[in-house]
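Here is the structure we will look at, set down as structure tokens.
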Amino acid sequence: MAAPGPVTPEAPFEPSQPPVIEGFSPTVYSTSESFKDKFIRKTRENPMVPIGCLGTAAALTYGLFCFHRGQSQRSQLMMRTRIAAQGFTVVAILAGLAVSSMRSRS
């Protein structure tokens with residue numbers, strides 16, 4: 001059986017640093033932005049998504065409140081309203097993606 005050849009030591013693994021992949025940049029933006037700045041930028045780009053999210057949360061909260069109080073008819077109505085608000089949010093996301101892809105082509 002042949003003896004293994006000399007082993008070259010590799011650089012130690014550093015978990016705090018992202019791996020280096022040729023041709024890949026982990027950040028798209030040259031400056032890092034805070035959560036607040038990113039939220040404001042994304043809201044300005046597509047303001048319908050936060051509105052849909054708030055509508056969904058409001059319908060869910062009020063529907064659960066009505067369910068707790070025993071108002072089953074109103075609770076059912078609010079759950080259906082929540083589904084409609086979720087659909088609105090998904091459509092808003094897709095519309096925002098379509099608009100942003102059209103902008104990037106120009």
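This chain uses plain numbering: 1 for the first residue, then up along the sequence.
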Solution key, residues 77-99 side-chain donor-acceptor pairs under 3.5 Å, sequence neighbours excluded:
residue : atom : partner : partner atom : Å
Thr81   : OG1  : Leu77   : O            : 2.8
Arg82   : NH1  : Gln86   : OE1          : 3.3
Thr89   : OG1  : Gly52   : O            : 3.3
Thr89   : OG1  : Ala85   : O            : 2.9

Please set out all donor-acceptor pairs under 3.5 angstrom arising from side-chain atoms of residues 65-72, sequence neighbours excluded.
none

key: Other cluster members, Leu54 - Ile/Leu/Val/Met/Phe/Trp/Tyr, side-chain contacts below 4.5 Å   = none

Of all pairs that satisfy side-chain hydrogen bond (donor to acceptor under 3.5 Å, both in side chains), the ones with a partner from residues 47-59, not counting sequence neighbours = none

remark   = Sorted by chain and number, sequence neighbours left out, side-chain contact (heavy atoms from CB on, under 4.5 Å) with Thr43 holds for Phe39, Pro50

Heavy-atom closest contact (Ser75 atom, Gly63 atom, distance) = OG-O, 3.2 Å

